[in-house]
Amino acid sequence: MVVGTPGVGKSSVSAYLASCLQGIHIDLSRLIQQEGYSCGLDKKRKTLIADLDKAAKRVKEIISQSEGYVIVDGHFAMDVVQAKNVFLAFVLRRNPDELQEILRQRGFGSEKITENVAAEILDVCLFETVKVYGKERICEVDVSCRAIEDVVEEIMEVIENQKKCRVGVVDWLAKLEREDRLGDFLV
Ligand SMILES: Nc1ncnc2c1ncn2[C@@H]1O[C@H](COP(=O)(O)OP(=O)(O)O)[C@@H](O)[C@H]1O
Ligand SMILES: [Mg+2]
């Protein structure tokens, strides 16, 4: 599983990882959109509300039919994939300055950028993932300033047991506090 705040690089990394492992890549946001798994409209956010039960059933089906690796990518993947089906969960982290720039380039509105960058600073995705799967299978990877190939190489080393899983790799809160820039991001 590959999780992380929107914009960290989950889909890019997962697609490349799947090609290295000759596995199947499931981009949850794309699956939900393509299959029309929605159950209402979020008026405030002006987006559809994803039907996570339907997505979960479909992912379970794909996993059960597959003989090789299945790489599931999504910032809410921990709410979709059951713990018993997860071999390893990689939480990608990107420093707030880079993430802000990527989300700007993607055309996100300022409110959405602030919300997502704050979530990254506050470890929201890591916390949610640990809460669902426990710490043992979780591997935090700092992707800041790194090429996709380099990130995938690190992930492959963990999969092949040459490198240990670890959490507590980044601390954006402490970094920004040290630099006296926390107020620039968390208002
Ligand atoms: N390692 C990287 N270095 C530079 N840019 C990247 C890297 N990984 C992803 N990107 C770019 O960042 C943007 C977000 O990547 P994406 O894989 O869509 O993230 P996510 O799936 O987490 O939302 C894309 O424009 C992508 O091309
Ligand atoms: Mg994506």
Side-chain angles (χ1 to χ4, degrees), residues 1-21 23-38 42 45-52 54-56 58-59 62-63 69-81 86 88-130 132-133 138-159 163 167 169-170 172 185:
M1 210 156 96
V2 179
V3 301
T5 313
V8 287
K10 298 180 296 293
S11 301
S12 317
V13 163
S14 302
Y16 187 66
L17 181 63
S19 74
C20 293
L21 293 169
I24 295 169
H25 171 206
I26 305 174
D27 176 337
L28 278 180
S29 304
R30 207 171 54 198
L31 178 85
I32 286 165
Q33 209 173 25
Q34 281 175 351
E35 306 286 324
Y37 295 154
S38 58
D42 183 334
R45 290 167 195 268
K46 298 191 186 79
T47 53
L48 290 170
I49 300 165
D51 189 332
L52 297 184
K54 275 191 190 151
R58 180 73 187 118
V59 169
I62 297 170
I63 292 173
Y69 283 100
V70 178
I71 295 108
V72 181
D73 120 56
H75 64 275
F76 50 88
M78 69 300 273
D79 296 327
V80 173
V81 188
V86 177
L88 288 167
F90 295 91
V91 184
L92 307 190
R93 308 303 304 270
R94 188 180 288 285
N95 83 49
D97 294 290
E98 273 185 43
L99 186 64
Q100 195 175 46
E101 187 49 37
I102 283 177
L103 296 178
R104 255 190 213 133
Q105 282 172 13
R106 258 193 178 185
F108 276 40
S110 62
E111 215 173 306
K112 245 181 136 183
I113 295 177
T114 305
E115 185 180 299
N116 282 303
V117 173
E120 176 61 22
I121 294 169
L122 297 172
D123 304 326
V124 170
C125 199
L126 176 67
F127 179 77
E128 292 297 325
T129 313
V130 171
V132 178
Y133 303 123
I138 298 176
C139 193
E140 205 181 350
V141 182
D142 184 4
V143 305
S144 313
C145 304
R146 293 172 69 187
I148 292 162
E149 293 79 3
D150 185 36
V151 172
V152 170
E153 200 178 307
E154 180 178 337
I155 292 177
M156 290 292 286
E157 282 173 5
V158 175
I159 292 173
K163 199 179 161 160
V167 292
V169 170
V170 304
W172 305 139
F185 295 97

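Counting starts at 1 for both ligands and their atoms, following the listed order. This is a predicted model, so every value here is computed, not measured.
Remark: atom 11 (C) of ligand 1 lies closer than 4.0 Å to no protein heavy atom. At a distance under 4.0 Å, a protein heavy atom can be found next to atom 7 (C) of ligand 1. Atom 4 (C) of ligand 1 lies below 4.0 Å from none of the non-hydrogen atoms of the protein. Atom 19 (O) of ligand 1 is flagged as protein-proximal [any protein heavy atom, distance under 4.0 Å].
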side-chain contact (heavy atoms from CB on, under 4.5 Å) assessment of V158 paired with L88: CA-CA 9 Å; V158 175; L88 288 167; 4.0 Å; yes
Evaluation steps, side-chain contact (heavy atoms from CB on, under 4.5 Å), between V72 and L28: CA-CA 7 Å; V72 181; L28 278 180; 3.7 Å; yes
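A side-chain donor from one of D27 and S11 sits under 3.5 Å from a side-chain acceptor of the other.
For G7, a nitrogen or oxygen atom sits less than 3.5 Å from a nitrogen or oxygen atom of ligand 1, counting backbone and side chain alike. An N or O contact shorter than 3.5 Å is missing between D73 and ligand 1 by distance. Residue G9 has at least one N or O atom closer than 3.5 Å to an N or O atom of ligand 1.
Side-chain N or O atoms of E120 include none that pairs as donor or acceptor with a backbone N or O of L99 at under 3.5 Å. Judged purely by atom type and a 3.5 angstrom limit, K10 has no side-chain atom pairing as donor or acceptor with the backbone of V3. Between the side chain of E140 and the main chain of V169, a donor-acceptor pair closer than 3.5 Å is present.
Taking a cut-off of under 4.0 Å to the non-hydrogen atoms of I102, the atoms of ligand 1 that pass are 12 (O), 13 (C), 14 (C). Counting the atoms of ligand 1 from 1 in the order shown, those under 4.0 Å from a heavy atom of R146 are 1 (N), 2 (C), 3 (N). Atoms of ligand 1 lying under 4.0 Å from at least one heavy atom of I148, given by number and element, are 1 (N), 2 (C), 7 (C), 8 (N).
Ranking the protein heavy atoms by distance from atom 9 (C) of ligand 1 puts S12 OG, 3.3 Å first.
Comment: E101 engages R104 in a salt bridge, judged by a side-chain N to carboxylate O separation of less than 4.0 angstrom. Using a cutoff of 4.0 Å between basic side-chain nitrogens and carboxylate oxygens, R93 and D123 are scored as salt-bridged.
In this structure, of E98, E101, H75, R106, the residue bringing a heavy atom nearest to atom 16 (P) of ligand 1 is R106.
At a threshold of 2.8 Å, the Mg ion (ligand 2) has a backbone or side-chain N, O or S atom of S11 nearer than that distance.
Summarising the local packing, CD of Q33 is surrounded by 12 or fewer heavy atoms from other residues, nucleotides or ligands at distances under 6.0 Å.
Only the side chain of R94 comes within 4.0 Å of ligand 1, judged by heavy-atom distances.
Inter-residue side-chain proximity for I121 and P96 is flagged as met; some heavy-atom pair is nearer than 4.5 Å.
The closest approach between any non-hydrogen atom of V143 and ligand 1 is not below 4.0 Å.
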